[in-house]
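Structure first, then comments.
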2 protein chains.
Amino acid sequence: MYGPSIDRLITALRVMPGIGAKSAQRIAMALLERHRDGAQELAASLVDAVDKVGNCSSCRTLCEGEQCTICADIQRSDKQLCIVETPADLYAIEQAGGYRGRYFVLMGHLSPIDGIGPDELGLPLLEAKLANDGVEELILATNLTVEGETTAHYISSRAHAAGVAVSRIAHGVPIGGELEYIDSNTLSMAMQSRKAI
Amino acid sequence: MYGPSIDRLITALRVMPGIGAKSAQRIAMALLERHRDGAQELAASLVDAVDKVGNCSSCRTLCEGEQCTICADIQRSDKQLCIVETPADLYAIEQAGGYRGRYFVLMGHLSPIDGIGPDELGLPLLEAKLANDGVEELILATNLTVEGETTAHYISSRAHAAGVAVSRIAHGVPIGGELEYIDSNTLSMAMQSRKAI
């Protein structure tokens with residue numbers, strides 16, 4: 001509608017999550033009207049990132065080079081290993097602070113219908129780590145979705161077989177959450193998982 | 001935080017309107033985890049669009065080549081000229097349908113504080129059109145903001161001086177709008193602009 005180059009740009013912008021037809025159109029117009037330098041820098045940084053960013057050979061998170069900074073940090077403990085689904089989950093836990101162990105990033109969750117099985121999640125690498133790296137506790141921080149729970153269950157069975165203690169992060173009412181507005185599944189889980197004080 | 005290439009990409013993504021720090025992070029992760037082909041296509045289409053898209057020599061809208069399809073369309077009337085602020089506004093009017101005249105795109109609005117005066121909006125070109133192109137009616141479709149109104153007022157004074165009839169698009173309650181939820185400024189304007197039936 002706007003001409004081939006602009007239409008191509010609008011279509012290409014829609015690869016980004018959360019960007020629909022209307023937003024893509026607005027972004028394309030704004031870039032071409034006012035931010036041509038920014039658009040060129042965006043193009044260059046996309047090419048640069050796709051070229052340089054790979055996966056850490058040890059924990060599978062996105063990183064530049066062979067190993068990520070967390071795996072390369074000798075001050076962190078090898079005894080705890082936290083399993084997350086994505087690099088963004090890893091950074092969320094890092095930003096929360098307090099955890100000083102290592103991570104293992106699945107880059108997804110078990111989803112047989114999409115052809116994602118244990119091999120795609122790097123579970124052979126995880127099992128090798130459990131056997132050789134002196135891991136004492138495996139902390140499952142996959143999402144509380146059907147797929148995340150299935151994945152956690154599968155990994156915990158493998159970890160038990162390897163003789164490693166397994167834990168799951170707590171689920172319940174968030175801090176500052178008002179009971180009135182919490183969904184009933186969360187509230188019911190919070191009741192069941194209550195702790196004696 | 002994520003390494004230089006990813007951090008650079010996250011910063012570059014924020015040039016897009018409506019994309020803040022959190023969205024940029026989420027988009028960067030999604031592109032690198034799952035959509036590397038899409039990211040490369042996005043980079044290529046950005047470079048292509050910045051390279052090829054310029055402004056129409058006649059109406060100033062974004063287009064590829066010398067003249068846009070609307071200015072090149074000999075079936076459209078030269079007698080009506082609709083003034084809009086942006087190419088997106090032009091396409092909104094085109095999509096609404098019904099208008100068969102020409103457009104003139106200001107690519108902004110008068111904003112002396114940002115150094116945007118009549119020259120930046122191409123008003124000398126507009127005055128030349130009014131003098132030579134046989135325009136009979138100038139339709140002002142700038143936004144109903146302080147800047148849009150100021151711009152409309154300035155242009156209407158120039159058009160009157162050139163002896164061209166000037167009109168402003170109607171403002172009031174939108175179709176399907178419930179009076180209860182319309183802001184009071186709009187409602188007050190709708191009352192003032194009432195029409196005898």
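On a predicted model such as this, the values are computed, not experimentally measured, just so you know.
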Problem set entry | chain B contact via A/L31 - which portion, at a heavy-atom distance below 4.5 Å | side chain
Problem set entry | Nearest-0.5 Å distance that lies between atom SG in A/C63 and atom CD1 in B/I6 | 8.0 Å
For this session: State yes or no: do A/Y99 and A/V105 share one hydrophobic cluster built from I, L, V, M, F, W and Y residues joined by side-chain heavy-atom distances below 4.5 Å, directly or via other members?
Result: yes
Seminar exercise, completed: CE (A/M29) and OH (B/Y91) are apart, to the nearest 0.5 Å, by 6.0 Å
Exercise. Looking only at atom types and distance, does a side-chain atom of A/E33 sit under 3.5 Å from a main-chain N or O of B/M107, one as donor and one as acceptor?
Worked result: no
Exercise. Most heavy-atom pairs under 4.5 angstrom with chain A, which of B/T86, B/L13, B/V50?
Worked result: B/V50
Seminar exercise, completed: Nearest heavy-atom approach of A/S5 to B/E64 is N-OE2, 2.6 Å
Exercise. Quick one: do A/I169 and A/I93 end up in the same hydrophobic cluster if we chain Ile, Leu, Val, Met, Phe, Trp and Tyr together by side-chain heavy atoms under 4.5 Å apart?
Worked result: yes
For this session: Please flag which part of A/L90 lies under 4.5 Å from any non-hydrogen atom of chain B: side chain, backbone, both or neither.
Result: neither
For this session: Sort by residue number and list every member of residues 36-45 of chain A having a non-hydrogen atom under 4.5 Å from chain B.
Result: A/R36, A/G38, A/A39, A/Q40, A/E41, A/L42, A/A43, A/A44, A/S45
Exercise. Of all heavy-atom pairs between B/L9 and A/A49, which one has the smallest distance, and what is that distance?
Worked result: CD2-CB, 3.9 Å
Exercise. Of the listed residues (A/I19, A/V47, A/L62), which shares the most heavy-atom pairs with chain B below a 4.5 Å separation?
Worked result: A/L62
For this session: Check whether B/L125 and B/I70 end up in the same hydrophobic cluster, where Ile, Leu, Val, Met, Phe, Trp and Tyr are linked by side-chain heavy atoms less than 4.5 Å apart.
Result: no
Problem set entry | Same apolar cluster (I L V M F W Y, side chains within < 4.5 Å links), A/L130/A/I139 | no
Exercise. In the single-linkage hydrophobic clustering (I, L, V, M, F, W, Y; side-chain heavy atoms under 4.5 Å), do A/L121 and A/V166 co-cluster?
Worked result: yes
Seminar exercise, completed: Listed by number, the residues in residues 150-164 of chain A that come under 4.5 Å of chain B (heavy atom to heavy atom) are none
Problem set entry | Residue selection (most heavy-atom pairs with chain B, distance under 4.5 Å) from A/R8, A/R26, A/M16 | A/R8
